[in-house]
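Read through the structure below, which is laid out as structure tokens, and then see the notes.
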Amino acid sequence: MAASMRLLVRRAIRLSHRHVKVAAAGVSARSGCCWEPSSCRCYSDAAGDRSTHFGFETVPETEKAKRVYKVFENVAQKYDIMNDAMSLGIHRVWKDMLLHAMHPQAGVRLLDVAGGTGDIAFRFLEYIRSQQERQKRRAARSMKTPSWQDISNNYSTEDEDRPQESRAVVCDINKEMLKVGKQKAENMGIRAGLSWVVGDAEELPFDDDQFDIYTIAFGIRNVTHIDQALQEALRVLKPGGRFMCLEFSKVTNPVLARLYDAYSFQMIPVLGEVIAGDWKSYQYLVESIRKFPGQEEFKGMIEDAGFYCVRYYNLTGGVVALHSGFKL
């Protein structure tokens with residue numbers, strides 16, 4: 001109930017802010033209305049909506065979300081296979097590097113946005129489990145021949161010393177992607193510490209200050225209002241929480257850039273047609289990468305949202321960048 005009330009309040013605030021901007025600028029940002037202060041009359045233009053990009057195509061903002069939803073609905077069943085084919089399996093290395101940079105400790109709460117197939121959440125839970133196993137082995141080696149008093153103390157403090165359970169919440173706007181993720185979790189036998197939530201990155205269905213880590217991997221470029229998604233990330237993180245974004249970026253080496261462009265535009269849509277029977281969806285995904293801001297520009301957007309200590313690391317020559325920032 002509290003979460004739904006917060007969503008209603010945020011919508012009302014957003015609408016009021018839009019009207020304030022209209023009055024101040026004399027031109028409506030969303031409706032394209034031109035105002036005459038003396039008579040307060042509004043003249044709507046033919047478009048009636050603010051435009052944005054859908055790949056290289058210009059579309060109304062209200063249409064982009066529907067079209068992106070359809071893309072991922074179409075590719076959901078073949079999404080993981082296509083990731084392996086398109087990246088030659090390197091996407092697995094990128095995601096592993098994200099987890100090593102994150103280095104999560106037992107007890108932390110992760111929110112993985114646009115994470116429908118669960119790759120980041122599965123890695124997170126496995127990383128925590130392996131960390132705990134290493135700690136147990138180290139503890140066992142340090143107590144080779146425990147006394148009866150040590151054994152008694154271990155039994156009495158076992159519950160007190162038990163680490164708080166880590167949890168991962170996978171949030172995705174697309175139900176088909178979540179369905180694929182849930183099936184993967186079931187096949188892998190992963191049940192504990194994992195939740196699946198249908199939610200929009202621009203208006204997350206969570207209260208403030210809920211998560212220790214927010215991740216979004218290869219998803220933020222598909223959001224209509226990136227600045228709004230970043231504000232939501234800041235809102236749901238606890239003070240001290242960390243934002244981490246893995247996304248395609250600008251290749252820094254000119255030779256690699258030419259090879260990458262040729263491969264992207266000539267091979268990836270073909271792979272999409274052959275493997276997934278969908279040329280258009282993968283053509284959009286290639287084009288959306290080119291429309292996404294470069295490393296420095298995106299770093300500035302994260303800082304503008306209110307994050308501190310923002311840094312980025314180029315992976316594979318800038319094909320992908322890992323951006324990180326903290327909520328203070």
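Note that the structure is a prediction, hence the values are computed from the model and not measured. These numbers come from the heavy atoms of this one structure, side chains and all, not from hydrogens, waters or symmetry mates.
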TODO: Kindly indicate whether the side chain of L237, heavy atoms from C-beta on, has any atom under 4.5 Å from the side chain of F307.
DONE: yes

TODO: Take the angle between the ring planes of W94 and F248 and call it parallel below 30°, perpendicular above 60°, tilted in between.
DONE: perpendicular

- [ ] Decide yes or no for I213 and R109: does some side-chain heavy atom of the first lie under 4.5 Å from some side-chain heavy atom of the second?
- [x] no

Task: Stepwise side-chain contact (heavy atoms from CB on, under 4.5 Å) check, K327 with F243 - done: CA-CA 8 Å; K327 175 179 177 177; F243 167 85; over 6 Å; no

Open item on the list: Check K182 with E186, please: is the shortest side-chain N to carboxylate O separation under 4.0 Å?
Closed with: no

Open item on the list: Can you see whether R221 engages S288 through a side-chain donor-acceptor pair at a distance of less than 3.5 angstrom?
Closed with: yes

Task: Between CD1 on residue I268 and CD on residue Q266, distance to nearest 0.5 Å - done: 11.0 Å

- [ ] Report yes or no: does Q131 contribute a side-chain atom to a donor-acceptor pair with the main-chain N or O of A106 at less than 3.5 Å?
- [x] no

TODO: For the pair E303 and K299, evaluate salt bridge (charged side-chain N to carboxylate O under 4.0 Å, His left out) and give the outcome as yes or no after the intermediate values.
DONE: CA-CA 6 Å; E303 290 171 334; K299 176 177 180 283; 3.0 Å; yes

Open item on the list: Checking D112 against F124 for the side-chain contact (heavy atoms from CB on, under 4.5 Å) test, could you report, in this order, the C-alpha distance in whole Å, the side-chain angles of both residues, the deciding distance, and whether it holds?
Closed with: CA-CA 10 Å; D112 183 35; F124 168 80; over 6 Å; no

- [ ] Find out if a path of hydrophobic residues (ILVMFWY) with successive side-chain heavy-atom gaps under 4.5 Å connects L322 to V93.
- [x] yes

- [ ] Looking only at non-hydrogen atoms, find the nearest pair between A257 and V251 and report the distance.
- [x] N-CG1, 3.6 Å

- [ ] Can you measure from CD (Q231) to CG (L234) and round to the nearest 0.5 angstrom?
- [x] 6.0 Å

- [ ] Give, for atom CG of N222 and atom CD1 of I289, the distance between the pair rounded to the nearest 0.5 Å.
- [x] 9.5 Å

Task: Short side-chain donor-acceptor distance under 3.5 Å, N187 and Q183 - done: yes

Open item on the list: Quick one, Q210 and L111 - any side-chain contact, counting heavy atoms below 4.5 Å?
Closed with: no

- [ ] Can you measure from CG (L178) to OG1 (T117) and round to the nearest 0.5 angstrom?
- [x] 9.5 Å

Task: Gap between atom CG of N314 and atom OG of S249 - 0.5 Å precision - done: 6.5 Å

Open item on the list: On a heavy-atom basis, which atom in E202 and which in E232 lie closest, and how many Å separate them?
Closed with: O-CG, 3.3 Å

TODO: Might you confirm whether atom CE of M97 has over 12 heavy atoms from other residues, nucleotides or ligands at distances under 6.0 Å?
DONE: no

TODO: Taking the side chain as every heavy atom from C-beta outward, state whether L194 and V170 have any pair of such atoms under 4.5 Å apart.
DONE: yes

Open item on the list: Looking at K238 and D209, is there a salt bridge between them, counting it only when a charged N and a carboxylate O are closer than 4.0 Å?
Closed with: no

- [ ] Examine L88 and I275 and state if one hydrophobic cluster contains both, with Ile, Leu, Val, Met, Phe, Trp and Tyr joined whenever side-chain heavy atoms are less than 4.5 Å apart.
- [x] yes

Task: Distance (rounded to the nearest 0.5 Å) between L285 CG and K280 NZ - done: 14.5 Å

- [ ] Using a strict 4.0 Å threshold on nitrogen-to-oxygen distance, state whether D96 and R123 make a salt bridge.
- [x] yes

- [ ] Return yes when atom NZ of K250 has more than 12 non-hydrogen atoms of other residues, nucleotides or ligands closer than 6.0 Å, and no otherwise.
- [x] yes

Task: Side-chain donor or acceptor of E296 paired with backbone N/O of G294 under 3.5 Å - done: no

- [ ] Establish, yes or no, whether a centroid distance under 6.0 Å links the rings of Y308 and F326.
- [x] no

TODO: Output yes when D80 and K184 qualify as a salt bridge under the 4.0 Å nitrogen-oxygen rule, no when they do not.
DONE: yes

Task: Hydrophobic cluster membership, V270 vs L259, 4.5 Å side-chain cutoff - done: no

TODO: Please lay out, stage by stage, how R242 and S324 fare under the test side-chain hydrogen bond (donor to acceptor under 3.5 Å, both in side chains).
DONE: CA-CA 7 Å; R242 190 176 189 184; S324 171; 2.8 Å; yes

Open item on the list: Salt bridge or not between K95 and D119? Use side-chain N to carboxylate O under 4.0 Å.
Closed with: yes

Open item on the list: Do I120 and V180 sit in one hydrophobic cluster, given that two such residues count as connected whenever their side-chain heavy atoms are within less than 4.5 Å of each other, even indirectly?
Closed with: no

Task: Step-by-step side-chain contact (heavy atoms from CB on, under 4.5 Å) determination, V197 to F206 - done: CA-CA 10 Å; V197 176; F206 308 106; 4.0 Å; yes

TODO: Supply the members, apart from Y312, of the Ile/Leu/Val/Met/Phe/Trp/Tyr cluster built from side-chain contacts under 4.5 Å; use none for a lone residue.
DONE: none

- [ ] Locate the shortest heavy-atom distance separating V223 from A229; write the atom from each residue and the value.
- [x] CG1-CB, 4.0 Å

Task: Exercise: do Y313 and H323 side chains pair donor with acceptor under 3.5 Å - done: no

Open item on the list: Just so I know, are the side chains of D84 and H91 near enough to count as touching, which here means a heavy-atom distance under 4.5 Å?
Closed with: yes

TODO: Using a strict 4.0 Å threshold on nitrogen-to-oxygen distance, state whether R129 and E126 make a salt bridge.
DONE: yes

Open item on the list: Does the structure place the NZ or CZ of R290 under 6.0 Å from the centre of the six-membered ring of Y260, at an angle of no more than 45° from the ring's axis?
Closed with: yes

Task: R167 and S195: side chain donor to acceptor below 3.5 Å - done: yes

- [ ] Could you tell me whether the side chain of V113 reaches within less than 4.5 Å of the side chain of D172, counting heavy atoms only?
- [x] no

Task: Nearest non-hydrogen partners of V198 and I173, listed with the distance - done: CG1-O, 4.1 Å

- [ ] For residues Y282 and P269, report the shortest heavy-atom separation together with the two atoms involved.
- [x] CB-CA, 4.2 Å

TODO: Check whether any side-chain heavy atom of W196 lies under 4.5 Å from a side-chain heavy atom of C171, and answer yes or no.
DONE: no

Open item on the list: Could you tell me if the side chain of L110 sits less than 4.5 Å from the side chain of P104, heavy atoms only?
Closed with: no

Task: Test item: T215 side-chain N/O and M244 main-chain N/O as donor-acceptor pair under 3.5 Å - done: no

Task: Heavy-atom closest pair, residues L230 and A305 - done: CB-CB, 3.7 Å

Task: Derivation of the side-chain contact (heavy atoms from CB on, under 4.5 Å) call for N83 and F218 - done: CA-CA 11 Å; N83 279 348; F218 307 113; over 6 Å; no

